[in-house]
Every structure is written in structure tokens, then in C-alpha cells.
There are 2 protein chains.
Amino acid sequence: MPRPASARPNLPRQEIRLSVDTIVFSLEGPELRVLLVRRPVEPFAGREAIPGGFAEEGESLDAAAKRVLETETGLRDVYLEQLYTFGDPRRDPRGRVVTVAYIALVRPPAPTPRDGRWATLAALPALAFDHARILEYALQRLRYKLEYTPVGFRLLPEEFTLKGVQDAYETILGRSLDKRNFRRKLLSLHVLRPLARSARVGAHRPARLYRFDEQKWEGLKEKGNVFVF
Amino acid sequence: MPRPASARPNLPRQEIRLSVDTIVFSLEGPELRVLLVRRPVEPFAGREAIPGGFAEEGESLDAAAKRVLETETGLRDVYLEQLYTFGDPRRDPRGRVVTVAYIALVRPPAPTPRDGRWATLAALPALAFDHARILEYALQRLRYKLEYTPVGFRLLPEEFTLKGVQDAYETILGRSLDKRNFRRKLLSLHVLRPLARSARVGAHRPARLYRFDEQKWEGLKEKGNVFVF
DNA sequence: ACAAAAGTGTTGCAAGTACACCCATGC
DNA sequence: GCATGGGTGTACTTGCAACACTTTTGT
């Protein structure tokens, strides 16, 4: 329930609206995908866009991102991080809309929300507003971040094989990595807990399953041994 | 001149205000300093704060940061980059204010604006709002960024000595660096243009002057040889 | 000649890269 | 027994860290 503006004498009148939009990434098939929703109304009616909505009175930006994402797509308990704020005055034809963009990473199997689809990066349609630019920026950040922090695990199932991690990295970075070197480096961080169970799929030796160890990772962060942005 | 909200049927009413605040860093003495201004009015009247103001209708966020900074402090032609957006609903007692924070780096000699002062990090006063947190975040970003990109040159005079660069780095990072290793690494980037002239100060051998070569730096960025955030 | 800062190379270590074969399982 | 992907070690290269002396100038 917004108080009238007159109750806030020090605050100027502004015709600026604040929206919170999220680029949602997931790995599906062996491809990096982005969640797009189709706009039912003008402007850009019929075009696809990244999910988003307007911030409400009493909520923080993080909370708004979470709420909007759940409302629009049904996705919950996903990794969310603020990306950048886009404020060009002409980016929305309706008027002045400033968008705080977030990145979300969801684990497979990622449900497909109604009115949404998982688009591959190779076959992106024309997007509404300046969403193409936002997406490009998000992708760049994801790639950079992947090299310094184990953010990639947020795109994997809770239990995964080393091969799975490597495939994910290769997909996102768009280049192939040496198996032995990759495994050595990954294990040398000591943030993976091997499980007793293995993944039995196909006519070949089953691969050991691992879990990401949040605690050890937090420990490393606190000791400043890692780059975290 | 804002159009009435009724002309924008698709935009919701929002009582959210958008401010753009900037953490201004400079090197003075041999210390990293932050520009603080004293608040003349409530809330937090008399307290010091980082300079900032409200965004206007037709301007981009970058433009707003530039304008506000010049209006409040008289500083122009400084390096500006967006830091993060802070949107906790209780961060301003007047109501909902979302702040897009920027970092600015200014070269010496940095003029001291009226109603402002350059505070050292060692002796920071209690700041208004959540500005202490914003400042802490900015400092962290500055330090990280220094290690991957030559932002540091934005804090130096146009012409500088290698010693000058090293002093700057040591100040900001808070640790001492090996002279030979530092020089080798810096020169190996090939982004410094040595000048014929030298800096003659004091009873000892004068040091060669250098300039930062923006062009070569842009070239490296495009080739993807460098980490740029 | 001496005080003061500028400038300069080498060695050891750690991390990264390149590279090829045996192992366990299902069919 | 063979096809399929899982799992492992070693040599080379490169970048980073540690370390001390000579050079140039002003006084």
C-alpha cells in the first residue's frame, strides 16, 4: 500500500519505472539454453523476451527477481545473481523503464513453463526491447565467471559425474577441454565429495557420482583463496 | 517535463525513486581516498555520504552519474563505471529509493569541491544510509579489477613513472610488490609508451616518463587476450 | 665522494598444457 | 570378445616469486 508522495517531502517526483528481468540459463540436450517468454501485449506483442516484471513497494531487488521469476515461469530455488542495470531512456517505448537484470541458473531437469520455451543460443529469435544486448552481456559474464568460480555446478543436477561437469564447461565455453587436465584441476580444488554410488547408463563402465560441497567452497572463499567477483 | 502516467496505460504506478550515487576514488599523498560530502538536510543531516542524486527523465544512467557528479562536486572527465544496484526497501527512511552505484576514478591533482573532502580509508566516519556497505563493495571491486585490467592508470597523471604506478598499486592493494617483477609484468603488456622526457625530482637519477596507450589496450581487449569483466 | 632512487637478470617452483593407454561394464 | 565410455601419469612449457647489485643524477 503506497503512501502518497506528499508524505515524502524530500523525494522528487519521478516518472521512472523499475523492472527486474532475469536471464535464465539451463543445460538441456548438450546445449546451453535461455528461457524466453512470448509477450502477449504491446509493446512488442508476439515477440519473445526474457522474463521480467515490475518491482513492488516493499521488496528488495533480489526478492523481486525471485518473485517475478516464480510468477512468470514457476521456477523456484534457483541460483540468482544481479548482473547489471540498464537505463537507456529509450529502451521502452511506453516510457522510462530502468531494468535491473539478473542471471539465474537452473538445474536439469528444467521444467518448461507455459508460454515459455528454452531457446538455444544458436537459434535466437529477435527479442523485445534491448533484451538481445542484455542476453549477450549475461553470456559474457557467465563465461568469465565460470573460469574463476564453480558457478557451473548450479547448472548441474545435485549428483553428477566428472564427465558431466566437463561437458557443461565445454558447452558454455564453446571449446573442448583436456579430460585429464580438467579432472585434475577440478579435484585439486577439493570442493567435490565423491559418492559411493555410480551412474549406470549404457553398455560401459559406470562413472562415479559426485556432489558439490558448499561448505568447503565457502571455506575457500573466506580464506580469500578464490576469486569471487 | 514528465507526461502524465495516464498516457502510459501499460506501466504500473510505482512509488520507487531512483538515485545514482558514485564512489569517487583518488590517490593523494600516498593514500587511497574517497570523496565524501556532508548532507545539509534530513535524513542523516550533518552526516557524510558519497555524492549522489536522483536520475532525471530523459537521461541514461551513465549520463545521470556524470551529471550528478559534476553538479555536486565539479568533477568532469573522470572514469566512470557502474558498480551495483542497491535496492533494500529500508535503505532510505523517506521511502523506497533504489540506488545505482557507480565508481569514479580521478587523476591527481584532484580538486577538493566545496562541502566535500577526501577521506582516507583508514579514518572513515560513520556514513549516511548504507553507504558504508556500498563503499566496501566498491573497494573490493577496485582491488579485484586492478589485478586483471589496467584501471589503475585512471588514478594516475597522464604522464607517470613506473615507480608511480607501483606505488599506486601498492597503496590500493595494501601490500608491497617486487620492483623487478612488477616492471617486467607491466611492460610485457605493451600498453605503455615511453616518453623521451624524464621526471627530474630530487638529488638522484631521474625516472623515465610513460603514457598509457589506450589504442594498444583496446586492441588487446578485442583480441580477447585480457580479462575485462 | 656520497646519498638517493632508477634500472636491470637469473634461478627455482608451481601451474598449465599436451599427449596415449588400460579398465570396467553391458551386450 | 568387443564396443563404449571411465579412468589414470608424465614430460614440457610458461608464468610467477624470490632475490642484490650497478647506474645515474644532485649536492
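The shown structure was predicted, so the numbers you read here are calculated from the model rather than taken from an experiment. Every chain is numbered from 1 and lettered A, B, ... according to where its sequence line falls, protein lines coming before strand lines.
- Partners of D92(A) by side chain to side chain donor-acceptor pair (under 3.5 Å), not counting sequence neighbours, listed by chain and number: R94(A).
- Here the straight-line distance linking atom CG of D178(A) with atom CD of Q166(A) works out to 7.5 Å at 0.5 Å rounding.
- Distance check, rounded to the nearest 0.5 Å: CG of L80(B) to CG of D77(B) gives 10.5 Å.
- Residue-environment remark: CD (E218(B)) exceeds the threshold of 12 foreign heavy atoms within 6.0 Å.
- Residue F153(A) is tested with Y210(A), F160(A), W217(A) for a ring pair (Phe, Tyr, Trp, His ring centres under 6.0 Å); the sole match is F160(A).
- Within the nucleic acid shown, R208(A) comes within 4.0 Å of sugar-phosphate atoms alone, with no base atom in reach, counting heavy atoms only.
- Two residues, T161(B) and R200(A), neighbour DNA chain C, and the one matched to the more 5' nucleotide by heavy-atom proximity is T161(B).
- Spacing between atom CZ of R183(B) and atom P of dA17(D) amounts to 17 Å, rounded to whole angstrom units.
- A donor-acceptor pair under 3.5 Å is absent between the side-chain atoms of D130(A) and the main chain of R133(A), judged by distance alone.
- Comparing L187(B) and G202(A) by the nucleotide of DNA chain C that holds the closest heavy atom to each, the one mapping nearer the 5' end is L187(B).
- In this structure, R184(A) and Y210(A) both approach DNA chain D, and ranking their closest nucleotides by distance from the 5' end singles out Y210(A).
- The distance between atom NZ of K185(A) and atom P of dG9(D), rounded to the nearest whole Å, is 20 Å.
- Between D88(A) and R91(A) no salt bridge is recorded (no basic side-chain N to carboxylate O distance below 4.0 Å).
- If you check residues 171-181 of chain B against DNA chain D, the residues with a heavy atom closer than 4.0 Å are D178(B), R180(B), N181(B), listed by number.
- Heavy-atom contacts of chain B under 4.0 Å fall on DNA chain C between two terminal nucleotides, which in 5' to 3' order are dA3(C) to dT10(C).
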Between K163(B) and D167(B), is the salt bridge (charged side-chain N to carboxylate O under 4.0 Å, His left out) condition met? List the steps. CA-CA 6 Å; K163(B) 177 70 153 60; D167(B) 286 347; 3.3 Å; yes

